[in-house]
J.: 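First the structure, which I've put down as structure tokens, then a few questions once you've had a look.
Being a predicted model, the structure only gives us computed values, none of them experimental. Order of appearance sets the numbers: ligands from 1, and atoms from 1 within every ligand.
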Amino acid sequence: MQWIQNLFSARASEPARSDAPLFLTNTLSGKRDLFTPLKAGSATLYSCGPTVYSRAHIGNLRAYVFADVLARTLSFAGYHVRRVINITDVGHLQGDGDHGEDKMEAGAKQEGQTAQDIAARYTKLFLEDIRLLGVDTDDISFPRATDYIDEQIDIVKKLEEKGYTYKTNDGIYFDTAKYANYGALDHSGAKQKEEAFAEIGRRIADNAEKKHPADFALWKFSPRGSRRQQEWSSPWGVGFPGWHIECSAMARALLGQPFDIHTGGMDHIPVHHTNEIAQSEAAFEKPLARFWMHGAFLTIDNRKVSKSAGDDIYLSDITARRLSPLSLRYLFLQAHYRSPLSFSWESLEASNEALSRLTRLARTIKHEAKGRLQQSDASRRMIALLRDDLATPSALALLWETVKDEDMEREEQLAVIDAADAVFGLSLLAEEAEVPEHIQALVRERDIARVSKDFSKSDALRIHIESSGYHVEDGPSGTIVTRRPG
Ligand code: AMP
Ligand code: ZN
């Protein structure tokens, strides 16, 4: 009973905030499993990162808020969390399989810049976006695939030595038929799997030498007669790594193998993660990760938000409408991470209003409780919900019930808010102290100008406050001023 041992050894050393165990849905087992770490008191977490040929849209951002809520839940439960989000700056082809142009090379051509230039620009924008969404990027490593070419080549060499590879005219492929456990992550029936393969298998038309539609490229050769912007020499010739191998290499290099939890969007289950598992486990004969967790899609009008649909919404569209970036985070929290969520501007505006009101109520309670917390059944229920596979919709409902409960002791209310805030990352309690007195004075002056309908003065004051690094929002129950993250 290794898991019981792990559980107790974890408890012995971790400063756990409660004794409740943590349950997470593990795609690998197909059920909700008790989380036990590999190393007592610590948790290692790898999330597939963005392909930086364009800006991350709000669908992509949902995947990183989910990973952040997971990381915060683990931290709140007392684990020291080590996180990696990779930056895909090579090898992800337009067909998401082994055909089509490299998204980075195509994006660079389209923008008339180098692949490195667009990678740097979109990586910066990505980091800014997730910071605005309340993700603390100082606690995360962001390795670039192009910095781990040797590690990727080493895994391919190992697979070659063990007989898992074959060569075609365009690259080195993984032979899925040689790996008995192929596809274990994807619990879909055989027929569904064949259909998925058939779709991926369009690429067989591009490469008739492939033995099976599911086989995938580990190393691709540069096209004959032309030079790519990004290419490297290897034992098999000049080329570039396949998309899946980068995650296997970076996760192993930075977190070890196995590590605790791997996350991504549900679209990664049948191909990208299935292939990561196959190559890593075949090469090293041990699991890559113990828990595989997948977030559901954000949709608009019943369609997955996707870069190719061409009608993406970005975080900058949200701030341009003067809506708080955290209102998007609030919207995400209203759905369980495993449920699809439909985006509309109306629902985002409602989230913005709700968040303003919740923040006001939370701050009033904090003030009245004089910052003192008192644990009670309500706070224990809150912690239990968060530890029950990140049940954010029920936790949010409990938070509202709590802040509206006039009969509850303020200290007890504050303990519930504190637990929710640690995991939700909505900064319900944080900012008040961070707003210095001179900014608060400007806010008061602006409030007076607004009441006396001196709108040119109130606008000028808003510009002054915002240029000092603060965000002003006129919520239904008063002005809310917050420090701009980053
Ligand atoms: P990409 O940059 O395409 O590699 O995607 C980055 C992350 O966003 C991956 O984890 C995807 O699974 C996830 N993702 C892509 N589209 C959506 C969507 N509409 N909703 C939620 N997650 C998504
Ligand atoms: Zn990945």
J.: Tell me whether Ala296 reaches ligand 1 (any heavy atom closer than 4.0 angstrom to a ligand atom).
T.: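 It does; at least one heavy atom falls under 4.0 Å.
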J.: Which of the numbered atoms in ligand 1 are under 4.0 angstrom from any heavy atom belonging to Phe297?
T.: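 Matching atoms, with element in brackets: 17 (C), 18 (C), 20 (N), 21 (C).
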J.: Can you find a non-hydrogen atom of Gly295 under 4.0 Å from ligand 1?
T.: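 No, Gly295 has no heavy atom closer than 4.0 Å to ligand 1.
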J.: Hey, does Met266 sit under 4.0 Å from ligand 1 if you only count heavy atoms?
T.: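 The answer is no: ligand 1 sits nowhere under 4.0 Å from a heavy atom of Met266.
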J.: Answer whether the closest heavy-atom distance between the side chains of Val84 and Ser47 falls below 4.5 Å.
T.: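 No. Closest side-chain heavy atoms not under 4.5 Å.
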J.: Quick one: are Leu348 and Tyr330 in side-chain contact, heavy atoms under 4.5 Å?
T.: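 Sidechains of Tyr330 and Leu348: no contact.
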J.: Below 2.8 Å, can you find an N, O or S atom of His272 next to the Zn ion (ligand 2)?
T.: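 For His272, the answer is yes, given that an N, O or S atom comes within less than 2.8 Å of the Zn ion (ligand 2).
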J.: Which of the numbered atoms in ligand 1 are below 4.0 angstrom from a heavy atom of His57?
T.: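 Counting atoms of ligand 1 from 1, those under 4.0 Å from His57 are 16 (N).
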J.: Does Asp267, backbone or side chain, put an N or O under 3.5 Å from an N or O of ligand 1?
T.: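 Min N/O separation from ligand 1 is below 3.5 Å for Asp267.
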J.: Between His294 and His273, does a ring pair (Phe, Tyr, Trp, His ring centres under 6.0 Å) hold up when you go through it step by step?
T.: CA-CA 10 Å; His294 293 97; His273 288 174; 5.0 Å; yes
J.: Salt bridge check: are Arg83 and Asp68 linked by an N-O gap of less than 4.0 Å?
T.: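 Yes.
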J.: Which atoms from ligand 1 have a heavy atom of Tyr64 less than 4.0 Å away?
T.: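 Going through ligand 1 atom by atom, the ones under 4.0 Å from Tyr64 are 6 (C), 7 (C).
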J.: Would you give the angle at the Zn ion (ligand 2) between Cys247 atom SG and Cys48 atom SG, to the nearest 10°?
T.: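 Rounded to 10°, it measures 130°.
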J.: Do Arg252's NZ or CZ and the ring of Phe284 fall within the cation-pi criteria of under 6.0 Å and 45°?
T.: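 Judged by the rule, Arg252 and Phe284 form a cation-pi pair.
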J.: Can an N, O or S atom be found in His268 less than 2.8 Å away from the Zn ion (ligand 2)?
T.: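 No, since none of the N, O or S atoms of His268 sits under 2.8 Å from the Zn ion (ligand 2).
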J.: Determine, using ring centers only, whether Trp219 and Phe221 are less than 6.0 Å apart.
T.: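 So the answer is no for these two rings.
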J.: Given Gly59, Gly265, Ala67, Gly49, which has its nearest heavy atom closest to atom 10 (O) of ligand 1?
T.: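 Considering heavy atoms of Gly59, Gly265, Ala67, Gly49, the nearest to atom 10 (O) of ligand 1 sits in Gly265.
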J.: Counting from 1, what ligand 1 atoms have a heavy atom of Thr51 closer than 4.0 Å?
T.: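 Once the distances to Thr51 are compared, the set is 2 (O), 4 (O).
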J.: Would Lys211 and Tyr166 count as a cation-pi pair here, with the cationic atom under 6.0 angstrom from the ring centre and within 45° of the axis?
T.: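 Output yes; distance and angle both within limits.
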J.: Using distance alone, determine whether Asn60 and ligand 1 share an N or O pair under 3.5 Å.
T.: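 Min N/O separation from ligand 1 is below 3.5 Å for Asn60.
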J.: Counting from 1, what ligand 1 atoms have a heavy atom of Pro50 closer than 4.0 Å?
T.: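 Numbered from 1, ligand 1 contributes 2 (O).
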J.: What N/O/S atom of Glu276 gets nearest to the Zn ion (ligand 2)?
T.: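 The nearest such atom is OE2.
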J.: Would you say the ring centroid of His57 lies under 6.0 angstrom from that of Tyr314?
T.: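 No, too far apart.
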J.: Is it the case that His268 and Glu276 place a side-chain donor and acceptor less than 3.5 Å from each other?
T.: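 No pair is found: no donor N or O on one side chain lies under 3.5 Å from an acceptor on the other.
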J.: Under a 4.0 Å N-O cut-off, is there an ion pair linking Arg290 with Asp33?
T.: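 Salt bridge absent between Arg290 and Asp33.
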